[in-house]
Amino acid sequence: MLWLVDNQLTAQGISLLAASLSDTNVVLDGLSLCHNHLTDADVFQLSSALAMKTCRLRRLALTSNQITDRGVEFLAEMLKSNGCLQQLW
């Protein structure tokens, strides 16, 4: 599990993380991005990466961010195609 809690991640950092999630060479079981002021745009990038078949992330923590109903819609759509994610909080 990679803990990036309260790290003030930027949009660029989220973009780099999202790109690495779909990289077949990256083996990451879990990712915690709690308390990073993530927005719906950040969630869209993460959801797009998590929807790819190459993503093997099983646990994702997003609590205490600035995610609205729109961000939750992105996550719900991603869950339709993601067969690997087992825990989302």
If Ile, Leu, Val, Met, Phe, Trp and Tyr residues are connected whenever their side-chain heavy atoms lie under 4.5 Å apart, and connections chain through other members, are Val26 and Leu57 in the same group? yes

Working to the nearest 0.5 Å, report the span between OG1 of Thr10 and CG of Leu16. 8.0 Å

Any side-chain heavy-atom pair from Arg59 and Trp89 closer than 4.5 angstrom? yes

Are Trp3 and Leu31 grouped together when hydrophobic residues (ILVMFWY) are joined by side-chain heavy atoms under 4.5 angstrom apart? no

Atom SG in Cys55, atom CG in Leu21: separation rounded to 0.5 Å? 5.0 Å

Hey, what do you get for CG (Leu33) to CG (Leu2), rounding to the nearest 0.5 Å? 8.0 Å

Could you note down all residue pairs passing salt bridge (Lys or Arg N to Asp or Glu O under 4.0 Å) where residues 78-89 supplies at least one of them, sequence neighbours left out? Glu77-Lys80

Distance col, row Arg56:CZ vs Thr24:OG1, nearest 0.5 angstrom, shows 6.5 Å

I want to check something: taking the side chain as every heavy atom from C-beta on, are Asp6 and Asn36 in contact at a cut-off of under 4.5 Å? no

Phe74 atom CZ, neighbour heavy-atom count above 12 within 6.0 Å: yes

Flag the pair Leu17 / Leu4 as yes when at least one side-chain heavy-atom distance between them is below 4.5 Å, and no otherwise. yes

Polar side chain donor-acceptor pair, Asp23 to Ser20, under 3.5 angstrom: no

Indicate yes or no for a side-chain donor-acceptor contact from Ser15 to the backbone of Ala11 under 3.5 Å, with no hydrogens or angles considered. no

For Ala49, is there any backbone N or O sitting under 3.5 Å from a side-chain donor or acceptor partner on Ser22? no

Does Leu60 share a hydrophobic cluster with Val5, counting links as ILVMFWY side-chain heavy atoms below 4.5 Å and allowing steps through other members? no

Is it the case that one hydrophobic cluster holds both Met52 and Val43, taking links as side-chain heavy atoms less than 4.5 Å apart, direct or via other members? no

Using modelled atom types only, decide if a donor and an acceptor are shared between the side chain of Asp40 and the backbone of Ile67 within a distance under 3.5 Å. no

